[in-house]
Amino acid sequence: MIIKNAEIVDIHGRRKGDILVKDGIVADTDFKGNYEDHQIIDGLNYTLMPSFIDMHTHLRDPGFEYKEDMETGMRAALKGGYTHLAAMANTNPITDNMDMVVENLSKSKELNLCDFTQICALTKDFEEEFVDLEKIIAVTKVFSNDGKTVVGENTMREGLKLSKEFGFLLATHCEPEVEVVKRDLNILREMPGNLHICHVSEKETLNLIRKAKREGLRFTCEVTPHHVFGNDIDYKVSPPFGTKADRQALIEGIKDGTIDLCATDHAPHSKEDKEKGSPGISNIEVAFSMYWKVFYEENIPLGKLSQMMSYEPAKLLDLNCGEIVVDREANLVLIDENRESTIDIKDFVSKSNNNPFHGRKAKGKVVMTIKRGEIKYDNR
Ligand code: DOR
Ligand code: ZN
Ligand code: ZN
């Protein structure tokens, strides 16, 4: 495959060059050879970026398939430009054992849509007893009780200790946010651990994180499209929408590197479940356009967004992609970066369209998603 004439944007900035893909791998980023006998994709007027990697998705599989299942979630993700998803464990039953992790991993292989990380619960049934970490680290390196806070301070301390010992990442949902983040950073001050803080949303949390990073503590954190895109919105999501000052603080945190990466927290729910108060937003199909609207208006370059949507999550999940460089996997997305887009929940391919931004203007559109040289979504 050759992708020609596109503008290339990734963490390394903006440039031109024709991309040669061989056996699913980027073989050349400035190809000048013979174009015959190749599948040619004309990227003229488009921007080619590394496809996106979502550290934080809810696929609802198994148990809540009426909200989403692995297939619909992955199709929605490909439409949004994602080729790798890390799915949270708050399924029904909770994904807290080897068999369930293995089952979902093999299901994702069969589907052959997105690449996949199944996150395993840290504790059995999200209570206080640890899952069989020693065994399960053979099949996943990410553990999280997302949806629920690790309430016990000692459980958190022990979990972080084990994360270092076994070499896994512990992703946390923190409620109340400031208090729990403060607690966890204090634990990290006592001893190292592999901590990733999910969906940071408050100004005060950002200040804690910035200070801790300046001290030299090592950990990562993420934001969601909805907290970066909107504030003071009356729509149930966890953590809740913040104020204008909170949102501004997130933007500052993106600009100064306090925030490591952009996830989605794609959280599909049925209409009935939303009416009963389930928190969450279905957003993976429009996440890029939501982020890009804000980044563009704040004069943050697209390369920085690429770093936060592809490069950093690839690093954290230890994937051979996330930048357009020779020998990396050809996981790519073609974007119309200047296209005005409007968020339209009627266009969603996700089973759920719980999203409060219907009708709002966003920026840019995903036109093609390529995984290891294979076109997985095409809407040129
Ligand atoms: O809004 C949210 N929805 N936040 C969470 O932490 C859980 C998620 C869900 O699973 O619906
Ligand atoms: Zn959460
Ligand atoms: Zn979540």
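One-based numbering, in listed order, for ligands and for the atoms of each.
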(request) List for me each residue that meets side chain to side chain contact (heavy atoms under 4.5 Å, CB included) alongside Val102, sequence neighbours excluded, and say none if there are none. (result) Met98, Val139
(request) State the atoms of ligand 1, each with its element, that fall below the 4.0 Å cut-off from a heavy-atom position in Asp146. (result) 6 (O)
(message) For distances below 2.8 Å, what is the count of protein N, O or S atoms around the Zn ion (ligand 2)?
(response) 3
(message) Just to confirm my output: which protein heavy-atom neighbour is closest to atom 3 (N) of ligand 1, and how far is it?
(response) Pro279 O, 3.0 Å
(request) Please determine if Lys315 and Glu312 form a salt bridge, counting it only when a charged side-chain N lies under 4.0 Å from a carboxylate O. (result) yes
Side-chain polar contacts of residues 294-303 - donor-acceptor pairs under 3.5 angstrom, sequence neighbours left out - could you list them?
residue, atom, partner, partner atom, Å
Glu297, OE2, Lys293, NZ, 2.5
Glu298, OE1, Lys255, NZ, 3.3

(message) Heavy atoms only: which of Met88, His173, Arg60 lies closest to atom 11 (O) of ligand 1?
(response) Arg60
(message) Any nitrogen or oxygen of Ile281, side chain or backbone, less than 3.5 Å from one on ligand 1?
(response) no
(message) Tell me whether Lys107 is salt-bridged to Asp69, with the criterion being a basic N under 4.0 Å from an acidic carboxylate O.
(response) no
(message) Between Glu252 and Arg210, does any side-chain N to carboxylate O distance fall below 4.0 Å?
(response) no
(request) Considering the heavy atoms of Val237, write down every atom of ligand 1 situated less than 4.0 Å from one of them. (result) 1 (O)
(request) Taking only Lys NZ, Arg NE, NH1 and NH2, and the carboxylate oxygens of Asp or Glu, determine whether Arg372 and Asp115 approach each other closer than 4.0 Å. (result) yes
(request) Provide the number and element of each atom of ligand 1 under 4.0 Å from a heavy atom of Asn90. (result) 9 (C), 10 (O)
(request) Just jot down the ligand 1 atoms closer than 4.0 angstrom to any heavy atom of Asp265, in number order. (result) 4 (N)
(message) Which of the numbered atoms in ligand 1 are under 4.0 angstrom from any heavy atom belonging to Ala267?
(response) 3 (N), 8 (C), 9 (C), 11 (O)
(request) Assess the side chains of Asp256 and Thr258: does a donor N or O sit below 3.5 Å from an acceptor N or O? (result) yes
(request) Considering heavy atoms of the protein only, find what lies nearest to atom 4 (N) of ligand 1 and give residue, atom and distance to 0.1 Å. (result) Ser238 O, 2.8 Å
(request) Output the list of atoms in ligand 1 that are nearer than 4.0 Å to some heavy atom of Gly147, sorted by atom number. (result) 6 (O), 7 (C)
(message) Holding to side chain to side chain contact (heavy atoms under 4.5 Å, CB included), I want the full list of residues that pass it with Lys135, two or more places apart in sequence or in another chain.
(response) Asp132
(message) My understanding is that we take every heavy atom of each candidate and find the minimum distance to atom 8 (C) of ligand 1. Doing that for His58, Glu175, Lys236, which one comes out nearest?
(response) His58
(request) Scan side-chain atoms only and decide if Asn283 and His226 contain a donor-acceptor pair under the 3.5 Å cut-off. (result) yes
(message) For a quick check under 3.5 Å, do His56 and Asp146 share a side-chain donor-acceptor pair by atom type?
(response) yes
(message) Salt bridge or not between Lys361 and Glu340? Use side-chain N to carboxylate O under 4.0 Å.
(response) no
